[in-house]
Amino acid sequence: MKKIYKTIKSLLLAGLILSVSSCSDELTTNSSTAIDSEILSTAAGLNMVLTSAYHYFLMNGDDGGTSQNEACYAGIPGYCMYYDLGGADIVSIINYGGSVVNSYRFDPERTQVGGSYTGKIWTTMYKTINQVNIIMDALPGASGDEALKTKIKGQCLAMRGICYFHLIMNYQQTYAIAKNKRGVILRLTSADDENKGFSTVQECYTQIVSDLTNAKTLLANYDRDEMWRVNADVVSGELARVYQVMGDWTNALTEAQAVYQKYQILMTKAEWKSGFSNLISDGCKELVWGIKYTNLSNISSNTEFNYWYNQDPSYGEGMTDGPVYSFINFFVDDKYVSLFDDSDYRGSKVTKTSNVTDNDEKGSMFWHRTNNGSAEISTKWAYNKFKYYGDANGAKQGHTYPEFPLMRGSEMLLIMAEAKANLNKTSEALTDLKTLQTAREVGVKTTTSSKDELLAAIYTERRKELLGEGITGMYDLLRLQKPLYRYGSSVGHYSWGLSYLDGYNASDAAPYGWLPSNDYRFICQIPQMELANNNAISESDQNPFSGQ
Amino acid sequence: MKKKLIVSARDRGTRHKLVLKMKLTFIILMGCLMQVSATVYSQATKFSFNFQNKQVLEVLKEIEDKSEFRFFYQREQVDVTRKIDLKVTERNVEAVLDELFKNQGVSYKVLQDNLIIITPSTEKSLNTGFSQQQKSVTGKVTDASGAPLPGVSVAIKGTTNGTITDVNGQFKINIPVASKILQFSFVGMRTQEIEVSKITTVNVVMEEETKGIDEVMVVAYGTTKKSTFTGSATVINSKQLDKISGSGFTEALQGMSTGVNVVNYEGNPGGDTRIQIRGISSMSGQTTPLYIVDGMPYDGKLTSISPSDIESTTVLKDAAAASLYGSRAANGVVVITTKKGKGGKIAVNFRSAWGTSDNAVGNPTKANPYEQLTNTWRAIYNDQYYVNKLSSQAAGDYASSTLLPHMVNARVNSKGETVYVTPFEWTGDASNYVLHDGAGNCYTNPKLNMVWDESDYDWYGAVFSRKLRQDYGIDVSGSSANGKTNYFTSVSYLDDKGYANNQYYDRYSFRTSVNSQVNDWVTVGGSLAYSYSRQNVSGANRALVFSNTLNSPWLRNADNTDWLYSQKTGDRMYDFGENSSNFFGIHVLNNGGDYWHNPNDESFESNEAGMITSHYFADFKLPYNIKFKTAANIDDITTNYYTYGSAVHGEGQMEPYGVTVLTNGGSASRSNYKTISLTWNNVLSWDKTFGKHSLNAMLGHEFYSNNKQYNYGYGEGIMQIGQYELASTTTNWAVSSSRDRYSLLSFFGKAEYNFMNKYYLSASIRRDGSSRFSKESRWGNFFSVGTSWRISQEKFMKDMGWLNNLALRGSYGTSGNDKLIPRKTSDGTSSDGDEILYAYQGYYDSDNLYGSAGYKPTTVATPNLKWEKNQQYNVALDFGIFDRLSGTLEFFNKSAKDLLYYRTLPLSAQVGNAEGVNTNIGNVRNRGFEITLNAVAMRKHNFEWDIDVNLSTLKNEVTYLPGGSYVYTLRTAGYKLEEGHSLYEFYMAKNAGVNPENGNMRYWIKDGNGGWKTTENYSNVTVNDYQYCGSAIPKAFGSITNSFKLNGFDMSFMWYASFGSKMYDYVYKERTTVRDGVGIIPSLVDGDAWMKPGDNAKFPRWSASSFSNTSKASDFYLFKNDFYRLRNVTLGYTLPNSLVKKAGFSNVRVYLSGDNLLTFGPAAKRYTEPETGVQGNNYNGNANSDSGIQGSRRVYMGGIQVSF
């Protein structure tokens, strides 16, 4: 008996001691892949957080490539598609649904509070803003090279300014009429309470100008290594856009000029006609800011290139027939094609209505998909500006790794012209406009002394030069407080591009649809999950769904 | 010694583990020392009784009640149930006892402190101990059929002395003459007690254990008798489980227990099952219970355990049952006991079964090529005539001329003509396939010449076919000659080829367990199980909806003269959108390859899972009835996923087909998951019976550590045919890996008290430390109390002979949860895989750009995060009457508080992946009634009929949601999360039917004056117009099982039903909407679609250009989802014993079984599988995510079971 007791007791004791002593420490576990906030203590670490912020800013993080619902919202390049789809020039078929078709149609779920789309721009921009705020708050206490810290801070401020610019354009009417209206929520430090109220539009613009101006100073000596990074030139260009929206023409002119001086060698005819998919690689001199999709930063088939219906006729008419997987959605309206005169190489077109071949199409910007069996499709205009042959040199179904312009010297030139015209320097403005028209071999160049006519010509030139780059379409309609008009025809808009607009009557001989200027249908409602979770705001802050 | 310490040593049956000798010696020694003063009280205390027909037992109790005397005796030795008449007046205790035991051969002795020992008078002197006379008893034990039963334990009641029966069922045992009762016990058989005081031979017929109050059940850290159990649990034995031909045992649990809702939402072989015990108590909606296998937490795949290795499954439902597993018991606990050696002769069981399967709800038939043409024509015509206001002639011409491109791509044939390849011979003119009369009536061109076979465009036929399902198993069990060591080994093989495409599930499993009683006080044992499976998940997908009969899954040449074949295999090539103008992006026969065998170089998605469970324990019997058990377990689980994107088949495939590599080549990925989970527990237990009082206590400690490793590799550019490894990839590599650990340290204790087998009390406590919380808040305490009252044991119930059992049970307790799984506010979904392991820590995850290291914030540090608590009470009434009907009525209320919740930040405050904050917030309540009835409907000569019924109700309600309500959308279905409603409540626009004038669907919207009006313009419908439309959670579910036995035949059938839920039928939405590429189902739509003004139609006017306007989200696609399913039918025949014996077998049974043979309910009428994911949405199958592959299958099996 005694022996048993002894054995047992020692076993028990050993067991309990072992278990208790060995286990307590075992209750602390850590991730093997994530790191803690130590990363914020060095400039090098903060630079890595900045890299991630760019990922959101340019591609909406990993979400940008997830589905076609994200295509219009895949960061800044996605918005380029989004703004222009809200204009009159692009025509989209409904081949593949998702955000591009929604954006084109002005489908209510694009902006209405219940849907998921209204929070897309909001979320990407605020995630970028909050991330750069964390960086900027940590910078003063972080160890590391001051020059590096300055560069980081400059880029952070620049990104924050650009993000607020996109937010304020999409969630409230334009500056000119809405200065005192509710703006967006200004989050300027990471210590801000999660519940925070709105600032006015004026306050937002003040912040945007301040952020960009400070960024410009901090980035004065920043020599970027990649074209996707925001340097002082990009900041100046963005400032020019901001002032342009605000109607501050003096400053717009100054900033645009500063950029144009460095990027004034405009694209040649050959460059233009070779397409916009390789501007960085080809060393395009007027490219101020651009992004390159590579196999390391891929948003898959969610680039704008994958939505244009412009693969060569020899490939066939299917989504999977072409050099890249294409959703084959976008054409342009006939009214857009007719803006160009015959010598303008940007408007060179194939007028054949049957048997268009690769040879016909390759030398031109506009052509008809005459081999498509669908009469509806074969009459529309394909547009070759954004065309891409994949990474396999045109072999079927290569990868989509194109390059995309985010800012060009041409735009700066047009801002200069617009600013000068508004400052009543019409002849100088005309000179700037002609500089571009000459470069594009426009036959009949603008010759007017009327300020209004000149401005109209500049606005038109913007459409001709910049369509698809996110600074025409809805972008111009909003800042210029113009209505949107679309016309239905076999070479124009489909009924679904008109049906959510006003005035549409299918039985009209020439059906059309329009949205009044400043209509809230251009603009997103404040997303539901912001209203639900932010105690500092309420339903009364909400935009109407429609109306002026 | 105080009165309360001296307890009548009433027998407590098998739980009575006292060592008689020690006990008596102790008492006698004490007694001798103190005998002197005893007589004073015994002489002075007088009794007056007048009893008629009373048991001796009751007389003794009366004496105890009226005095300080306490009696001590062995029930085997003293017959206290004998009834007597007794009349005494003012007599002392000795006189009363003399009267009571007159001529009974019993003597008594009054000891110190009024303890009276009653012993048989054969034991002349207590001081000489027990020099027992022995006698020999022999006999034979057989089963009901007369077959000898080897290995039956034969023991002297109340002792551990005994033997087992031999091969011929015979035994011989020497027993003390005083011993009166022998106990015969055998697993699965009812224990029998035979009086042997006057006989020396016995023949015993063992009967199978029926469910009853004496059933032994496996519970948390041990076993208990059902009668003493105060909690709520259901035991499902192997016989019930074996009937269902599932890949895993969870499938078979459906309908087996109240409160346990099992949904087989993945019908593919090896598919997952969702199990929900008493509702949903976490915000994430995840309801995965804790699985315990042989006492150890189980982390492997549920399908890794061969169902045939399972002896029984106990579902612990309430707090009293589950809270001993405290930390992880919030979703209930499923305790699995694997088969063990039963002792005795070597027993060999062999079983094999063969069968096949198809879909439980039949596939519909798509519109045929003619209907497809006219349907599409109609949709185009409608747009032109009703919307664009063309004349009917012009609209018809337009429809005819633009028809084909809506379904088919233009191609160029060998003559250079642009043609359309359809099932019909090319007519030379795309606009004459459908003709019309100019008045809006269309018909297909009678000259169309069909050149394809029906099977060429039968999409369902391409995907589905009945294939072989086979299942084999053999197990061998037995024990060593002395019965001290017993063993069990099994091997089994399942090969289920499923119904769709190239799916299959193959599993090999092995299990061995050995237990050995080393000596009187040490038993050690262990088991080792290995399971290996291969699975191919190719199945049906949404591409099947996105197909129509003008196309074929296979690629046709442009001349429409032949199919295009692979140069390598001669198989037909698939059409990846070359001919079909609406290629879905995924081919219906997607992933038709297989990692292990891929002759046609097709893409595949295969996986293999391996699991080794090693288990070891040692059991020590210590003095003072103390037992100590220590056990360790290691689960080593690996799962490898293999994917391959074909290098030769796919979009952009080129001639010569089958041998030309695609531009980008093929791609491959590998994901390897390895989990090692370690559990070590130590349990001290103590059993003691003091007369009427029984006490049982337990103390334990457990350590659990879970280590997960993950590796991932991906590459593209496989340029060789027949190569599927990463080594062959040339570009775009992606790699990843991670290692995670989770650990728990726990201390727990339990006490159970039983008074007179009438009143039971139990209490438990557990303290858990979890690595998921910070040091400051990682410890959580959980407890439970339970009580039950066996009313039928009360005196006043004794006379009711018809009442077999009546008991009232109640429990209250807490359990916890430390798992934090975020629920997406965008669509309400969550996944076990998204669990946040380091919830309290603030982290940055890597987020690279252009190959440069980047880091994004992932979590916000929340050191205060603590355990989530579930409070549950349970009351139940158990009854049994007329030996015929027994059952349980039960009510539970489960409130989950401080829910671990990923509280979403305002969108503008989100950063990186840190979209919310981990917190304890929100309450959810689940409550319901549960009814179980077991009836013996008939017992006639050779005929038995049993009926088992169970029914459960559930009301799930969010009772506190501080973040506020919100609306979200999942695959167009709208939901709202709000206090006062269930977790999954549909909240959508309501439709107001089709306007007969123009065929537009109408919706109800608010009119601004507190009323409602209709609109045909869906853009007028806003969130403000949405209304609650019902919950996705069933209100009630249950089953009825009828079992029959007639001679050698057995038959059973089980109906399962679920009521009160709603489902959003996304598949129906797509099957009834005319849309380019989609072939609708005529039988769902015919006669109900709007065709012309004045039609009172169900479906709106078809449209080609605005198909989405004809299928907007509304309650139109929301249906009541009551369903009834013939879950199982089994018909068996056991061959006559006389016959099988000659062949050397002990038992041979052949059977046929069918699962899910019939399905009734509104869903089945729509060709829709009624079992859905928790959110009641069947997008792309039946899960909430895209992983739902196909619905439940009908499985038909025939088999044979042989024992020898």
Side-chain angles (χ1 to χ4, degrees), chain A residues 8 12 15 19 23 26-29 31-37 39 48-49 51-52 54-55 108 112-114 116 119 122-123 126-127 130-131 185 187 194 294-297 317-320 371-376 392 395-399 495-496 500 506-507 527-530 532-534, chain B residues 387-389 401-402 404-405 409-410 430 576-578 583 620 622 630 651-652 663-664 682 701 703 705 732 738-739 741-743 745 769 771 778 825-826 838 842-845 847 849-856 858 904-912 963-964 966-967 1019 1022-1023 1105-1106:
Chain A
I8 299 314
L12 264 179
S19 58
C23 300
E26 298 286 314
L27 289 184
T28 300
T29 59
S31 169
S32 60
T33 53
I35 53 174
D36 62 22
S37 49
I39 191 164
M48 291 190 239
V49 183
T51 299
S52 156
Y54 267 112
H55 197 194
Q112 211 167 47
V113 62
S116 60
W122 186 271
T123 300
Y126 273 112
K127 277 191 172 177
N130 291 325
Q131 193 152 329
I185 301 163
R187 295 189 180 275
E194 62 182 76
T294 74
N295 63 342
L296 292 174
S297 60
E317 298 297 312
M319 290 194 291
T320 64
N371 288 349
N372 195 292
S374 164
E376 292 161 305
K396 257 187 169 187
Q397 298 288 303
H399 291 291
S495 59
W496 55 76
Y500 285 115
S507 57
Q528 183 202 188
M529 295 317 297
E530 184 69 41
N533 292 328
N534 186 344
Chain B
V387 182
N388 293 347
K389 311 288 185 190
S401 65
T402 59
L404 287 185
N409 279 336
F576 290 92
E578 198 165 330
F583 180 62
F620 303 93
L622 308 182
T630 180
E651 295 151 10
T663 302
N664 295 321
N682 299 290
H701 148 265
F703 175 67
S705 168
N732 286 349
S738 67
R739 182 170 61 87
R741 199 167 67 80
Y742 159 56
S743 56
L745 179 60
S771 66
R778 74 173 37 136
T825 49
S826 56
Y838 310 101
Y843 267 134
Y844 283 72
D845 269 347
D847 181 27
L849 182 65
Y850 297 111
S852 302
Y855 281 93
K856 65 182 167 190
T858 291
T904 311
L905 290 165
L907 293 178
S908 66
Q910 298 179 356
V911 57
Y966 64 92
V967 176
S1019 64
T1022 69
V1023 183
S1105 62
S1106 299

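Only heavy atoms go into these numbers, but all of them, side chains included; no hydrogens, no water, no symmetry mates. Each chain gets a letter, A, B and so on, in the order the sequences are listed, and its residues count up from 1.
- Between chain A and the options B:S826, B:G769, B:S1106, the largest number of non-hydrogen pairs under 4.5 Å is found for B:G769.
- Per-residue counts of heavy-atom pairs under 4.5 Å with chain A were compared for B:S908, B:G652, B:G912; the largest is that of B:S908.
- Of the listed residues A:G398, A:A532, A:G119, A:S495, the one with more heavy-atom pairs under 4.5 angstrom with chain B than any other is A:G398.
- Of the listed residues (A:K396, A:E376, A:E530, A:Q397), the one with the most heavy-atom contacts under 4.5 Å to chain B is A:E530.
- When heavy atoms are compared at a cutoff of 4.5 Å, B:N388 approaches chain A by way of both its backbone and its side chain.
- For B:Y843 (side chain) and A:S31 (main-chain N/O), a donor-acceptor pair under 3.5 Å exists by modelled atom type.
- Comparing A:Q112, A:E317, A:Q528 by how many heavy-atom pairs each has under 4.5 Å with chain B, the most go to A:Q528.
- With a 4.5 angstrom heavy-atom cutoff, B:V911 touches chain A via backbone and side-chain atoms both.
- B:P906 touches chain A through backbone and side chain together, each having a heavy atom under 4.5 Å away.
- Both the backbone and the side chain of B:A853 come within contact range of chain A, each with at least one heavy atom under 4.5 Å from a heavy atom of that chain.
- At a threshold of 4.5 Å between non-hydrogen side-chain atoms, the residues B:D847 and A:M48 do not count as touching.
- Although no hydrogens or angles enter the test, the distance criterion places no donor-acceptor pair under 3.5 Å between the side chain of B:S743 and the main chain of B:S705.
- Counting heavy-atom pairs closer than 4.5 Å to chain A, the top residue among B:A909, B:P405, B:G854 is B:A909.
- Using a 4.5 Å cut-off between heavy atoms, B:Y844 touches chain A through backbone and side chain atoms alike.
- A 4.5 Å side-chain heavy-atom check between B:N664 and B:N732 finds every atom pair outside the cut-off.
- Interface check for chain B: of the options A:I39, A:V113, A:I185, A:T33, the most heavy-atom pairs under 4.5 Å are formed by A:I39.
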